[in-house]
Amino acid sequence: MTRATKYDVKDFSLSAEGKRRILWADHDMPVLQQVRERFAREKPLKGRRMSACLHVTAETANLCRTLQAGGADLVLCASNPLSTQDDVAASLVKDFGTKVYAIRGENRKTYYDHIAAACKHRPSITMDDGADLVNALHGSFARFADNIVASMEETTTGVMRLRAMAQGGVLKFPVIAVNDAATKHLFDNRYGTGQSTIDGIIRATDFLLAGKSVVVAGYGWCGRGVSTRARGAGANVIICEVDPVRALEAVMDGFRVMPIRDAARVGDLFITVSGSVNVIDAPHFRLMKDGAIVANSGHFNVELNLTALRRLARKVIRGVRRGVDEYVLAGGRRIFLLGEGRLVNLACAEGHPASVMDMSFATQALTTEYAIRNAGKLAAGVHEVPKQIDSWVARLKLKSMGIEIDKLTGEQKKYLASFHMGT
Ligand SMILES: NC(=O)c1ccc[n+]([C@@H]2O[C@H](COP(=O)([O-])OP(=O)(O)OC[C@H]3O[C@@H](n4cnc5c(N)ncnc54)[C@H](O)[C@@H]3O)[C@@H](O)[C@H]2O)c1
């Protein structure tokens, strides 16, 4: 494939390494590969202009290859200023002809200029991780919203924002909540975020989890993954929650549960995965031990009140280690902030392992096909991924792992559908 004509990436000399990493990730994405092979034959996205605002990683590159194999004319921009892998961005442009607008560490203006480029592509299909592209299509680029047939949303925070827009009566087109598909959040949010968050923290700090008090704020899908993995490595894990059912679940899963104001005094490491705002705030920073490490793996860095942390700091030393900033508070107490408070698994590591993104992105690609097939039939609002897509992806994933499962017998089907038999 020839180099895309429009793009903004950091450095083409990185492309060879990017290509190697894209192909390496592809080995672990057998379900997505199958979708790609079929898309290449059937071209279900032929002639569709598409814009995607996603973390620019090796796994995303394989999704882009799949969408393009299906015939999409694709622009990709970053969904977070610090999650882009510049080698992958370079290879996507050079080797795969994707129009990529993403540079790791881009400032706020460039980040939004890149989203603007995705809007100006005049897509009829969009894909988001956090709803920034949909937001732009309802703000400065609302003039392009009429072209949109449907949009796919990858993450919990994005779905939350879109539901709020739908409830406020302002959402102009149909959006499909890919995050809410079972083959997405049960695996990606739990096992993907679980492992890669711990990976990012260890890469950034070389922290030994065994014997440490690790505070996890939010016991949703991501929180369960993070806390279970931290416990597996020997940490004493404390959960902070606001939802009584989830807090109770954490208690019965064997974790200590307490309010953040109490956890703040005892934690060695703090991880937010709540999707909320100012979960760790000035009063909590004030109570933390010397040397406490603070990381966020929720979608936005607003989970930590960084303005408050900066105000409390007498001195900030950037980059005491790659991805680690030291905040020196009154009395010389130090707090170490990882990845500027942005998703630590992407800022300080490589994001989710490819094997889990295989399911998320196969679901994304198939949902895109479904959205196109149903163009004009879906009302403005937030829609679910069809259950058949979940079943298909799960079946193929099991098959790729060499795992067989049982089938219901005729008798069992009858029994399950009846209220007369076998009581
Ligand atoms: N790092 C990644 O790669 C990655 C991957 C998937 C999702 N995410 C993001 O992670 C966040 C969590 O996603 P999820 O799927 O686990 O969501 P979820 O809705 O399943 O769980 C969030 C939990 O946080 C709790 N919570 C809310 N406010 C809180 C507070 N102030 N204190 C303590 N707990 C609080 C909620 O009650 C809920 O149980 C979202 O922002 C999502 O977009 C990140």
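Atoms within a ligand are numbered from 1 in the order they appear, just like the ligands themselves. Here the structure is a predicted model, which is why all the values come from computation and not from measurement.
- Within ligand 1, counting atoms from 1 as listed, the ones closer than 4.0 Å to a heavy atom of S276 are 28 (N).
- Ligand 1 places these atoms under 4.0 Å from at least one heavy atom of G298: 9 (C), 10 (O), 11 (C), 41 (O).
- Using cut-offs of 30° and 60° for the angle between ring planes, the W24 and H27 rings count as perpendicular.
- No donor-acceptor contact under 3.5 angstrom links the side chains of R49 and S124, judged on distance only.
- At a 4.0 Å heavy-atom cut-off, ligand 1 touches V279 through the side chain alone.
- Between Y101 and H114, the ring-plane angle classifies as tilted under the 30° and 60° cut-offs.
- Here the protein heavy atom with the shortest distance to atom 16 (O) of ligand 1 is C222 N, 2.8 Å.
- Ranking protein heavy atoms by distance to atom 44 (C) of ligand 1, first place goes to S297 O, 3.2 Å.
- The shell of residues lying under 4.0 angstrom from ligand 1, judged by heavy atoms, includes H352.
- The protein heavy-atom contact nearest to atom 7 (C) of ligand 1 is T155 OG1, 3.2 Å.
- Set against the non-hydrogen atoms of G275, the atoms of ligand 1 under 4.0 Å away are 11 (C), 40 (C), 41 (O).
- A perpendicular orientation is assigned to the rings of Y219 and F255, their planes being inclined by more than 60° (bins at 30° and 60°).
- Nearest protein heavy-atom contact of atom 30 (C) of ligand 1 is V242 CG1, 3.5 Å.
- A donor-acceptor pair is defined here as one N or O able to donate and one able to accept, closer than 3.5 Å; such a pair exists between the side chain of Q33 and the backbone of D26.
- Side-chain atoms of R104 and T84 form no donor-acceptor pair, as typed in the model, at a separation below 3.5 Å.
- Contact annotation for V273 and ligand 1: only backbone heavy atoms (N, CA, C, O) come within less than 4.0 Å of the ligand.
- Under a 4.0 Å heavy-atom criterion, R246 is in contact with ligand 1.
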